[in-house]
Each structure stands twice: as structure tokens, then as C-alpha cells.
Undergrad: 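I have a structure here, written as C-alpha cells, and I will follow up with some questions on it.
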Amino acid sequence: MMWPFISSCLIACTGELVSTSCPLDITPPRVVVRFGDSLSANCTSSSNQTEGMGWECSYGGVDFIYGVSSLPFKIDSVPEWEIGPMCYVNLHDGDQCVEVLPVTVYKMPDSVSLKNLSTVEEGQQFAIQCDVVNVAPARNLSVLWHKGNYIMKSETFDESSPSPVSKSSVLTLTAHRDDDGAEIRCEAKLNLWPQEQGPPPVRSEAHTLTVLYPPAFIDPLNETLELSAGEKMTLNCNATGNPLPSYHWQFLQAAQETHKNQNENYPVLTRPFKFPGIYTCTASNTQGTVTKYFTVSESPYPPAFIDPLNETLELSAGEKMTLNCNATGNPLPSYHWQFPQAAQETYKNQNENYPVLTQPFKFPGIYTCTASNTQGTVTKYFTVSESPYPPAFINPLNETLELSVGEKMTLNCNATGNPLPSYHWQFPQAAQETYKNQDVNHPIVTRPFEFPGVYTCTASNTQGTVTKYFTVSESPYPPAFINPLNETLELSAGEKMSLNCNATGNPLPSYHWQFPQAAQETYKNQDVNHPIVTRPFEFPGVYTCTASNTQGTVTKYFTVSKPPGIGSGVIAGIAVFVVLVVLLFGALMYYKYALRKR
């Protein structure tokens, strides 16, 4: 610290000082000068009795000069903190007049800074200190506290020393949430010049206040809302708070599954609400928690598609396509799909009440979706065009199958493709004659398969061909008659009659016929290994057929009865009647012949 150099001005001559009528005029009348800068002034006497003039000062004084009425004073670099130059004039009548030039030597602060800066909680009292380092003269110092553009406090200092000193000012505040984010600064100002003149004040860096406070809703009142038909509704839970609050929404029981984990940390929810009831919002931070309730009642409104535009879609080869007809509405809408004419049989009664359809679509055209409720109906159109693509089996793996005894087996060769594929089946060598030209263009074959082996299915269209193999092995099983019931037959006279003993079995069964006792000699060794016997049967009785293989034997009985025979009396009566007719006819012929002779 530089201590002031105290000097005194001495009067060089004696005489009476007449200050009240002193003819001296000093320009400027007072001087404010920065320590180390130059200083200059001019002293002028207005008296015509002026003998001479001088400047008296411990530093830079000017000796008495005769015959002048104006005398300048100058210091190239002010070296002291306190100086008092005096201009004097001697008059011819022996009087002396003295005028002092007021000089203030100043120094702006080396620094102005804030300390004791911290984060505070609402309601807490805190203090910030402003340090002003090396300023002179401190008696002219003002420290101004600013919050934004508002001056909160001004402080001056009772200091006699003209040399530089350091001063501090303390601002005490009670933290309020409105102060969060406010900028606090202090500035040091020397009041040495008229307003708006002199060097600018020295400012500290601005400190942004951080005030921690619990959440408070911007609109604090609980709300009761009614949603107009089809409109969205906003639930505004926005809250202030430091730290910024997090949000949690509690939906009513019916809505929890629908809105599960949706928008739980959003202060504002805007959506169609499907469920009336109370929606609860909680805003929380480290300082506290507040809760707001929204009571929602919803008016019925007609359906509106979530994505309202009609759609034009092209399906890549073999892929599934989604037709999304989802709509809002109160009550929830029901849906009805109208398929193109070519597709109506395929999709008949399928998914008619689903808002979204996802499947391979085989038919291009316009798919129409209608969403309806009690308030109205809306319709959306999906124009589907499909690129050609090669066949692909719905179940692409080759299959190995074993057929249980006597059952049917399904060989499923169904494939997608555009154009729709055609099918060709290749049967094992042993089966080719049996299945020749049968089901060759069917994707699915279901029948009893008599022949084990590899059945090959080929699906083809203009884009390509795919092949699937079915390896069929068949378990042995005992014979079973195709028509298992025993039969009772009556043979018309002279006709043939068929006895059908046909049976299935693996291995194929062999047959043995047992004829009635009276017929055994006649049919001996005839047709004993045929499943069907067709001939005139002369002998009534029970004909027995046995079908056998390695797995078992079954037997079927045919009971043959003959119509009742014609008696000998009847035959004799018929003979007499014939003879009488012949005699009568002969008599008539003779009578006619006799008439001609006459």
C-alpha cells in the first residue's frame, strides 16, 4: 500500500490575505487525476494592480514572477496521493491573494469479485461478498449490487486515507424460487465526476443463482375435463421446480394395460382417452412431491382412422403385408373387411372384425375396411398390387410319414406364389398305375396310400419351381372288408349274383371261399382266391369268404336264398289248357277250309 505524501504550500511573502475579493481565477477550478497521470492548470489575475504571480506546492511549484497576470501549473506525473497546489498573486498595494486548486488523485480497483457462492435451498438465508481490491480514494467508493437490471443495494465507505485500500461489501438474501436463475453482480464506482462522466465502474463477473425448490404445478388446480367426440384431450401436469421434476402418471384400472409404460415421464399428455375416470400425475424432485388429479368424462364420438389416408401397397414376393385399419371411437368401433371378388371365397368370414390384417395376400385389388360404432361409420381403401414371385412351400421341409393301419394320410404340398403355382405329383413306381392322372394339380393329397415310397410334389409358376419330397412308410395291418357287413341275398331265377368279399390290408390279403355242402363238388377249386365271385348260383346256403394276411384273418358270410319253386299240378293244368286252345284253333281252321270248297 502506498501511503500519502503530505505536503504543505508555503506563502513566499507576507501580507494580508484578502480571500473574499481575491482576483484569481484557476482553470479548471478542480482537478481529478489518476495516480501517475499528468496534471495542468492555469491561474489568472483580473486585478490591474497585479505585481506578479506564483504557484506554491511541494511538487512542481512555480517561483514568483513579476509582471505576469496569468501563470500555468503543470505536473508530468502525479507522484503523490494528496497534493494541494496554491496560486498566489501580490498586488502593488502590498496585499497578497491565494487560491487553492482542489486535486483528487484516484486509482480504479485492481479487481472486483464475488465469493461465498453456493447452491441454496428455498427459504435459506445466505450471504454473498463483493471484494474491491486497491481502490483510492475509498471515501468516494460506492459498491452497487445488481440482480439483473435492478439495483438491490448500494454501499459507501467512511475512509479517511487518500491512498489505495481494499474494501468488501456483503449482500444478505433469503432464497426464493423466483431468484433461481437470476444473475447477481457487484460493481465498484468512484464518485468523482459528474454523472455519466469519468471511467466506467469495474464490475464483477455475474453469478447465476441456483435455488433448489420443490415442484409446483403451473396450473395448480385439479381439473375436470370432458372430451368432445373424436377430439384429443390434453392433460397438463407441467410443474416448475429445481431440480426439474420427473413425472409419473397413474392411469385408472381399465386403462393401465392400454397405457402401460407410456409417457410416464411427460408433463403433458395429449391423446384420445378411451377410458373415463381419474388420471393422477405426480411431479417429484429432491425437494418434494406434488400430485394433481384429472377427472375425465368422455362423450361418444364416431370412428376416426389413426392413419386416415387411403393406401396403395405393393407386396414383395412371398412376404406378408399389413393392412392397418385401426380407428379410434367411442364406443370402440367394430370392423368389417370387404375383399376383392377373386379373394372373397378364400377370405370368407376371416378376420372380419380385426382392425389389422397381416397375411400373404394372393389377390391384387381393392381391400375395403369399414370401422363402425353407434356414432357413425368410416371407410378406408387399400389398393394392393403384387409383384410376381416364385413358389415357396408354406411348410418347406421334406416330410417322412408313417401311415397307421387303414387310415388316410395327408400330403400337404401347399405353396405361395404369384402367379398361383400349379402342382404335379410323382408317385412311386408301384403306385403310378393306380394313381395315374389323379390329383396331379392338387396341392394336398389325402387318401389311403397302398404303396410305400417317395411321393414327389412340384409347385411351379412363371417365376420358378420348387420340389418337396414325402417319404411314406406304411405299417402292416390286418385285413378289413371294404363292406364289412354280412349279406343276405335272394337270387332271381336264371340271373347271376355277385358276392363281394373285397378287403384292405397290408400285406394285401389272400381270399378263400367256402361253399355250401351241396355246391362244393360243383365249385370245387373255382375262384377260391378271388375277392369277388360272380356266377349263377344253383345252390342256396351260406357262402363263406375268408381274407387273410400275416397280420390276421376276417370272415364274411353271404346267405343265399332261392325263390319258391312251381308245383306239378299247376304244370298239368297249364298243359290241358294249351291242348284245348290248340284243338279249338284246329277246328276253326277246318271250318274255314270247308266253306271255301263249297
Undergrad: Over all heavy atoms of both residues, which pair between Tyr511 and Cys501 is shortest? Give the atoms and the distance, please.
TA: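 Heavy atoms only, the tightest pair is CE2-O, 3.2 Å.
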Undergrad: With a cut-off of 3.5 Å and sequence neighbours excluded, list every side-chain donor-acceptor pair involving residues 206-221.
TA:
none

Undergrad: With sequence neighbours left out, write down each residue that passes salt bridge (charged side-chain N to carboxylate O under 4.0 Å, His left out) with Asp180, or none if nothing qualifies.
TA: none
Undergrad: Do Thr534 and Ser498 have side-chain N/O donor and acceptor atoms under 3.5 Å apart?
TA: yes
Undergrad: Which atom names give the shortest non-hydrogen contact between Leu225 and Met233, and what distance separates them?
TA: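 Residues Leu225 and Met233, closest heavy atoms: CB-SD, 3.5 Å.
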Undergrad: Under the ring-ring contact (aromatic ring centres under 6.0 Å, His included) rule, collect the residues that match up with Phe382, sequence neighbours excluded.
TA: Trp337
Undergrad: Checking Trp249 against Leu235 for the side chain to side chain contact (heavy atoms under 4.5 Å, CB included) test, could you report, in this order, the C-alpha distance in whole Å, the side-chain angles of both residues, the deciding distance, and whether it holds?
TA: CA-CA 10 Å; Trp249 287 88; Leu235 306 186; 3.5 Å; yes
Undergrad: Which heavy atom in Asn373 sits nearest to a heavy atom in Pro303, and how many Å separate them?
TA: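 Looking at all heavy atoms of both residues, the closest pair is OD1-CD, 3.2 Å.
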Undergrad: Shortest non-hydrogen contact from Ser284 to Thr282?
TA: OG-CG2, 3.6 Å
Undergrad: Using a 4.5 Å cut-off on heavy atoms from C-beta on, say whether the side chain of Val378 contacts that of Pro302.
TA: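 The answer is no; the side chains never approach within 4.5 Å.
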Undergrad: Could you walk me through whether Asn326 and Val356 pass the side chain to side chain contact (heavy atoms under 4.5 Å, CB included) test, one step at a time?
TA: CA-CA 7 Å; Asn326 228 322; Val356 181; 4.1 Å; yes
Undergrad: Are Glu399 and Lys468 side-chain neighbours, meaning at least one heavy-atom pair lies under 4.5 Å?
TA: yes
Undergrad: If you look at every heavy atom in Thr559 and Val542, which pair is closest and at what distance?
TA: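 Shortest heavy-atom separation between Thr559 and Val542 comes out as OG1-CG2, 4.0 Å.
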Undergrad: Do Phe339 and Leu357 touch side chain to side chain, with heavy atoms closer than 4.5 Å?
TA: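 When only atoms from C-beta onward are counted, Leu357 and Phe339 do touch, with a gap below 4.5 Å.
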Undergrad: Could you report the tightest heavy-atom contact between Asn222 and Tyr293, atom names first, then the distance?
TA: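 So the two residues come closest at OD1-N, 3.0 Å.
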